[in-house]
Structures are given as structure tokens and as C-alpha cells.
Novice: 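Before anything else, here's the structure in question.
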Amino acid sequence: MSTSIFETPLPRSDLFLCSNSLVSQSFKLFDNSRSFGLKSLRPRCQKDRILYPKPLNFGFCRVSRRKRKPTFVLNSVLSVDKELESDESVGLGRSREYDAIVIGSGIGGLVAATQLAVKGAKVLVLEKYLIPGGSSGYYERDGFTFDVGSSVMFGFSDKGNLNLITQALAAVGCKMEVIPDPSTVHFHLPSNLSVLVHREYNEFFSELTSKFPHEKEGIFKFYGECWKIFNALNSLELKSLEEPIYLFGQFFKKPMECLTLAYYLPQNAGDIARKFIKDPEVLSFIDAECFIVSTVNALKTPMINASMVLCDRHYGGINYPVGGVGGIAKSLAKGLVDQGSEIQYKANVKSIIVENGKAVGVRLANGNEIFAKNIISNATRWDTFGKLLKQDELPKEEENFQKLYIKAPSFLSIHLGVKSDVLPPDTDCHHFVLEDDWSNLEVPYGSIFLSIPTVLDSSLAPEGNHILHIFTTSSIEDWQGMSQKDYEKKKELVADEIISRLEKKLFPGLQSSIVLKEVGTPKTHRRYLARDSGTYGPMPQGTPKGLLGMPFNTTAIDGLYCVGDSCFPGQGVIAVAFSGVMCAHRVAADLGLEQKSPILDAALLRLLGWFRTLA
Ligand SMILES: NC(=O)c1ccc[n+]([C@@H]2O[C@H](COP(=O)([O-])OP(=O)(O)OC[C@H]3O[C@@H](n4cnc5c(N)ncnc54)[C@H](O)[C@@H]3O)[C@@H](O)[C@H]2O)c1
Ligand SMILES: CC(C)=CCC/C(C)=C/C=C/C(C)=C/C=C/C(C)=C/C=C/C=C(C)/C=C/C=C(C)/C=C/C=C(\C)CCC=C(C)C
């Protein structure tokens, strides 16, 4: 139970300290006191602090009793009390200066926070780790700057409506220099099928159809459907699909585009591919195309998501930020602070405080409590509802979500520093390797992802070296229940096997060129990213109905919103950026910073809830 400033035992001196963040509200309080003739209680300013005369607190009650208006006075005290902010470092307890607290500074959390801040909200981001970014963070070792996760950046161009990373940065006055990647990924597949996904769509189409000339028309039609969806998406202003005034407005302005999206919303890429393509090898190639962005095959990948990535890579192209992916989160965090909001690191949220069915604050590992009008969780839904909310029963909506979606496996990540001469000239930046058997695509350790960001930005490694970031799917169960010694031994063994496979397939001499090696397991992901089982994100349990079952940002708990990859539209940096934009819009409407219609809201939320039951 939190204590209010008025319940906090006061120091014995005549003056007590008031935290910096109380300043504006204190004057409001003082104005109230003046109206009861308490002129002598004027607070004294001292540098960045305000010194309050101690009797103020009691003075209210005395005056109120004498004036026989206890209720009025106490109400005014209580209403001020409600608005007061408790600075975490001061730990004064209950107050509500913040419009929103965001738990976690992944790209989802940061986009939600910055978008809210530019709309005029006061936001506090609480991050468990030392730097922002979560799986889009970075770390430095011996002159190497490693991206924690993927280095393939969608949504980072300077055109269209879907460049959500560029837009999120621009909203807080940031622009990052980017290096265009001439390709998205080089596929090395069974039967020595090699396909380079060129930046130019026509070049990619020619390369793919040169391998499968008999399927030229089918390939044309499948990717053509993707473009239809992408163009519809790209024509919309992207905001919260849970906000009716915006949603109906878009239907009114762009009816054909919205109907196109509504039509494809419950469909999966694999079914559409099968309408046009018969050759099982081409279908397997499309499975691999989907797998690298959804960790499942095309039959389970929502068509809207597939279209988004299969086209944005040609429309805006893949662009790498100079200095590394970590710069995106750093810039957003700086932009947030520039807007007058705050971010605290080493702030581990242990629980969400719920009172009378409403989320009102958070409790940190150090016992401090911080309160806000809304709470936004960038932790996964499994962490949010399984750990942060201390409730006996999972809300029905969450129960349904967990029936439809399970935790995708995590990754084994190998970060290498290697001597440059091991890479042939003109090596591509990103590779996907599945050597012999298509059926290994979704099997743990079956396929290998490889990024070499130094191909684009040599400043990430000391001269004469490259970075190799190798990752493959792996489950936490594989790494549990062993001694530290066995764990370390297994890490070495598995990593060496993966490196040997790459040596054989792509880079002879790779083992002996290594100058630095760091191996992370699903346990590492769990520990540093605070993700349950180190999961990469949600994946459908069975065959989903496209995106129909994916929840948006509101939750069954009033005042609690989720953002990130366990919200619509799912995994991926650009996807979580969209989730951040949607979340900020919905929260802003609920805060009165955007248009809102309570009647339409209730109707739409009920309708969307019903749609999800059809998934
Ligand atoms: N693994 C990869 O290869 C990789 C790389 C880059 C990006 N991605 C994408 O990023 C997506 C995830 O982005 P996101 O924004 O949803 O989240 P995220 O997991 O990247 O970030 C969540 C942040 O919340 C923090 N956090 C969690 N619980 C907390 C708590 N209780 N208290 C304080 N802080 C807490 C974590 O420390 C982390 O910084 C993934 O779906 C993935 O597609 C993945
Ligand atoms: C409301 C209703 C119901 C209806 C109505 C209708 C409408 C209007 C609708 C609308 C919709 C929308 C707008 C939608 C949107 C969507 C989106 C934006 C989406 C997005 C997505 C994205 C994604 C998914 C992405 C992903 C990515 C990824 C994951 C990436 C990854 C990467 C990696 C891992 C890398 C690889 C590497 C190598 C190869 C090396």
C-alpha cells in the first residue's frame, strides 16, 4: 500500500524538503492554503528545491475545522494529493504527475513514449538495463560495436508512410545518417539454390524467375498481391486501429485501401502463394522468405506482415544506421528527454499496482512506488500478465491470446570479431543458410542467420577486422538444469559446430580468423532482455487467421496498455514501432490529448474483441 505525502511522517524540523517535481503542484497547494488565510505559510525557494513550512500540512486541517468546512478543504487537499508526483529518488510515495509510465525501453516502448511526449504528455520510461533499446541495443568489446539483435532495418527510408523508424526519430527532432544496403539477404538453400534479394525489385524478380522460369507467372502474381497490400498500407496515415474516429476516417478517405486490408487481414501468405505457385521448391523458398521475419513458415505468416517486409525492402530499401543499430534507441531516448519526459535506467519494475481494477502505478525492485495515470508495458504479455500483475486469474482476453500464440524459441547468438581477409571481396551483408534439407527450416539450429554489418559500416570494428553476428533458433529447455561448467562447455561446442557449418558453406578459414568470440544462449536473452524464456516473440500455436487474433494495445485492465511484439502486428523492429505509434495514439485519446468518442470507443473495442474470438 502506498503512502501519500500527507501520510508520510514529517521531519522534526520546522521545514521539510519537497522534491523538484513537486514544485508546480506545490504552488497550486499554496494557492489553496492562501484562500484560507494561511499567508504565513508561503514556501521558500532555495536553488532547485522548495522549503515548505511544516505546519502547512496540519494547518489545513485546523483551518478547515475552524471554518467548519472540513470536507471541502480535505477534498482540495486530496485532489492535489492525487496529482502530486513522487520522484523515485525521493520516494515520497503516491502522486500522479506522469501521464504514463512505460515499462521497458525496447523500440516499442520508446516509440510509444516519444509519440506521447510530442503530443504533450509527461512520460516516464523505466528500463531495467543500463542502456535503452532492448533487443535493438548494442554492446562494445575491445573496439567492436555489436548490435544485440538483428541488423536488418526495415522502415528506415526517406519515403512513403511506412518508414516508421525514420518518422519516430523525426518526431523528436532526430535524423540518423544511414547506409543503403544493396541487398536484403543472400539465401543459401538446399540443392545449392542461391538467391540474392536485390534492393531493386526487378533485379530480384529476374534472379528468382531465372531459377524457376516455369513459375514466372505464379511468382509475378504472388509478389503482385504483396505489392497490392503494401501500396494500400502505404497510402494510409498509420494510427491506432482501436480508435474509432481515426479508423472510420480512414475508411471514409481511402475506402478501397481499407477494404483491401480488411480482406487480407485474416489471410496467410502460404495460402495465397499456393493459389498461384505449384512448384514445391518455390513454395519452400517463400517459406524461407517468411521464416526469417516470423520464425514460422508461410502458411502461418500473416499476409499483411509478409507483404510489408517483402515490399518495403525494395520500396524504401534496407538501410543501416551509421554507428550501429543501438543509435536508434539512444536517439529516441535523447529525443524523449528533450521533450521534457524522463527515462531511468537500472529501474527494474517488479509489479504493476492495480487499485479498484485500474492500473495506477508500478513497484520497483528497490521497493519504491511510482504512480501515473496510465501504465504501458513493453515487457512481453507473458511477463506482463504472468509476472508483473499479481493476479490470481488471467483475464479472458489474455487466456485467449495464450491459446492462439505461444512463445517462439529464443536464439543462440554468436558475436565474432574476425580478420577481414577471411571474407571474399563483395561479400553481402546478410545471409541465410539452410544447407541440405528444407524440413530443417523450423528445427532448432536447423538454419543459420548471419549479418556482417561492417560490410556497410567499417567503423564498427578495429581496422582490418569485421563483425560476424551469427544466430540460430534455440530453446531455453536446451540450456537448463546443468552446472555452470557444463553450460560453458556446451556453449563452446554448439557455437563451434555452427561456425564450422559456415566455414564449410561460405568462408573457408573462418575458425582460424577469429579474434574475438562471445556466445549468448536463450538464458542470456532472458537475463538481459527480461523476456520470458528469452523468447523472440509470439508465434501462432496452430494456423492463425492472419492477424485477426493478435491483440492491439488496450488490455482487460483499465489504464494498462501493452506495446511491443506481443501486440498487433507482432515481431520485428518496424512492427513494434507501429505498435508504439498505435499505443501512443490510443493512450493520448484516453488522456484527452487526441479526439475521442466514449460511445464509439466502447462499440469498437467490443467489436474488435469479438473479431478476435473468430481467430
Ligand atoms: N533477437 C533479435 O534478433 C532482434 C533484434 C532486434 C530487434 N528484434 C525485434 O525487436 C522486437 C522486440 O522489441 P520490443 O520493443 O517489443 O521489446 P524488447 O524486448 O526489445 O525491449 C523490451 C525492454 O523492456 C525492458 N524490460 C522488460 N521488463 C522490464 C521490467 N520489468 N522493468 C524494466 N524494464 C523491463 C527490457 O530490459 C528491454 O530493454 C522483437 O520482436 C524482434 O523482432 C529482435
Ligand atoms: C480494424 C480492423 C479489424 C480492420 C480494418 C482494416 C484496416 C484498416 C487494417 C489496417 C491494417 C494495418 C494498418 C496494418 C499494418 C501492419 C503493419 C505496419 C505491419 C508491419 C509488419 C512488419 C513486420 C512483421 C516486420 C517484421 C520484420 C522482422 C521480424 C525482421 C526480422 C529480421 C531478422 C530476424 C533479420 C534476418 C537476418 C538475417 C537474414 C541475417
Side-chain angles (χ1 to χ4, degrees), residues 102-111 125-129 131-137 147-155 162 164 184-187 232-233 236 238-239 241-242 247 250-251 254 257-265 292-295 301-302 304-309 312 325 329 347-351 362 364-365 377-380 383-384 387-388 408 410-411 413 429-432 448-452 469-471 525 528-531 535-538 547-548 552 563-582 604 607-608 611:
V102 179
I103 306 170
S105 68
I107 297 296
L110 282 174
V111 171
V125 176
L126 297 169
E127 169 55 52
K128 185 178 170 182
Y129 194 46
I131 54 161
S135 39
S136 303
D147 295 331
V148 164
S150 161
S151 310
V152 183
M153 289 294 117
F154 295 86
L162 290 166
L164 295 172
T184 305
V185 53
H186 193 154
F187 285 100
L233 273 177
L236 299 187
L238 293 183
K239 283 187 164 191
L241 300 174
E242 285 187 293
L247 185 66
Q250 290 298 302
F251 265 98
K254 305 265 177 189
E257 289 80 354
C258 288
L259 289 172
T260 303
L261 293 171
Y263 174 73
Y264 285 105
L265 194 77
I292 64 169
V293 292
S294 64
T295 60
T301 302
I304 289 189
N305 283 3
S307 308
M308 173 66 210
V309 288
D312 184 53
V325 168
N348 183 10
V349 174
K350 275 291 174 197
S351 59
V362 297
L364 302 181
S377 176
N378 186 206
T380 71
D383 290 282
T384 304
K387 295 178 187 158
L388 297 180
S410 182
F411 283 106
S413 274
C429 182
H430 305 290
H431 302 258
F432 180 77
I448 305 173
F449 298 74
L450 165 65
S451 289
I452 316 171
H469 180 199
I470 305 162
F471 48 106
H525 282 78
Y528 288 101
L529 302 178
R531 300 177 67 92
T535 179
Y536 179 64
L547 276 172
L548 201 64
F552 293 99
V563 71
D565 59 19
S566 36
C567 300
F568 186 100
Q571 303 168 9
V573 179
I574 184 178
V576 299
F578 180 43
S579 141
V581 170
M582 289 202 298
L604 180 66
L607 184 68
L608 294 175
F611 274 145

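Numbering of ligands and ligand atoms starts at 1, following listing order. FYI, the numbering just counts along the sequence from 1. Just so you know, these numbers use all the heavy atoms, side chains as well, and skip hydrogens, waters and symmetry mates.
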Novice: Below 4.0 Å from ligand 1: does a non-hydrogen atom of S579 turn up there or not?
Specialist: no

Novice: Counting only heavy atoms, tell me which of V125, V576, V293 gets closest to atom 13 (O) of ligand 1.
Specialist: V576

Novice: Using a strict cut-off of 4.0 Å, indicate which atoms of ligand 1 neighbour a heavy atom of A530.
Specialist: 27 (C), 28 (N)

Novice: Among all protein heavy atoms, pick out the one at the shortest distance from atom 21 (O) of ligand 1; state its residue, atom name and that distance to 0.1 Å.
Specialist: G106 CA, 3.2 Å

Novice: Touching ligand 1 at all, D383? Heavy atoms, strictly under 4.0 Å?
Specialist: no

Novice: Can you tell which part of L529 has a heavy atom less than 4.0 Å from ligand 1: side chain, backbone, both or neither?
Specialist: backbone

Novice: For G564, counting its heavy atoms only, list the atoms of ligand 1 lying under 4.0 Å from any of them.
Specialist: 16 (O)

Novice: Which of the listed options, R531, E127, K128, holds the heavy atom that is closest to atom 37 (O) of ligand 1?
Specialist: E127

Novice: If you measure every N/O of Y129 against every N/O of ligand 1, is any gap under 3.5 Å?
Specialist: no

Novice: Measure the acute angle between the ring planes of F411 and H525, then classify it against the limits of 30° and 60° as parallel, tilted or perpendicular.
Specialist: tilted

Novice: Residue-level breakdown please: for L164 versus ligand 2, do any non-hydrogen atoms fall below 4.0 Å on the side chain, on the backbone, on both, or on neither?
Specialist: neither

Novice: Which of the atoms of ligand 2 are close to H431, meaning less than 4.0 Å from one of its heavy atoms?
Specialist: 39 (C), 40 (C)

Novice: Which of the atoms in ligand 2, numbered in the order shown and given with their element, are less than 4.0 Å from a heavy-atom of L238?
Specialist: 13 (C)

Novice: If you have a sec, work out which protein heavy atom is nearest atom 6 (C) of ligand 1 and how many Å separate them, to one decimal?
Specialist: S135 O, 3.0 Å

Novice: Just let me know how S566 lines up against ligand 1, side chain, backbone, both or neither, with a heavy-atom cut-off below 4.0 Å.
Specialist: neither

Novice: Have a look at ligand 1 and work out which part of V563, if any, has a heavy atom under 4.0 Å from it: side chain, backbone, both or neither.
Specialist: neither

Novice: Number the atoms of ligand 1 from 1 as they appear, then name those within less than 4.0 Å of a heavy atom of G134, with their elements.
Specialist: 20 (O), 21 (O), 38 (C), 39 (O)

Novice: Specify the protein heavy atom at minimum distance from atom 7 (C) of ligand 1: its residue, its atom name, and the distance to 0.1 Å.
Specialist: V573 CG2, 3.3 Å

Novice: Going by the order shown, which atoms of ligand 2 are within less than 4.0 Å of some heavy atom of S451?
Specialist: 40 (C)

Novice: Considering only heavy atoms of S105, which atoms of ligand 1 have at least one such atom less than 4.0 Å away?
Specialist: 23 (C), 24 (O)

Novice: Of all the non-hydrogen atoms in the protein, which one sits nearest to atom 32 (N) of ligand 1, and at what distance?
Specialist: V349 N, 3.0 Å

Novice: How far apart are the closest heavy atoms of N378 and G564, and which atoms are they?
Specialist: ND2-CA, 3.7 Å

Novice: Can you find an N or O of G572 that's nearer than 3.5 Å to an N or O of ligand 1?
Specialist: yes

Novice: Please write down residue, atom name and distance for the protein heavy atom closest to atom 26 (N) of ligand 1.
Specialist: G104 CA, 3.9 Å

Novice: Quick check on contacts: which atoms of ligand 2 are under 4.0 angstrom from a heavy atom of L261?
Specialist: 7 (C), 9 (C), 10 (C)

Novice: Could you work out, for atom 38 (C) of ligand 2, the closest of F568, F552, F449 by heavy-atom distance?
Specialist: F449

Novice: Between D565, D147, V102, I574, which one has a non-hydrogen atom sitting closest to atom 16 (O) of ligand 1?
Specialist: D565

Novice: Geometry only, no angles: is G149 polar-contacting ligand 1 at N/O separations under 3.5 Å?
Specialist: no

Novice: For atom 14 (P) of ligand 1, what is the nearest protein heavy atom, given as residue, atom name and distance?
Specialist: N378 ND2, 3.7 Å

Novice: For L126, counting its heavy atoms only, list the atoms of ligand 1 lying under 4.0 Å from any of them.
Specialist: 33 (C), 34 (N)

Novice: Who's closest to atom 34 (C) of ligand 2 heavy-atom-wise, of T260, I292, V185?
Specialist: I292

Novice: Just need the protein heavy atom nearest to atom 2 (C) of ligand 1, so name the residue and atom and give the distance.
Specialist: Y536 CE1, 3.6 Å

Novice: Could an N or O of ligand 1 be found under 3.5 Å from any N or O of S150, whether backbone or side chain?
Specialist: yes

Novice: Within the distance-only criterion (no hydrogens, no angle test), does the side chain of D383 pair as donor or acceptor with the backbone N or O of R531 below 3.5 angstrom?
Specialist: no

Novice: Which atoms of ligand 1 have any heavy atom of I107 under 4.0 Å away?
Specialist: 15 (O)

Novice: Would you say G133 touches ligand 1, if touching means a heavy atom closer than 4.0 Å?
Specialist: yes

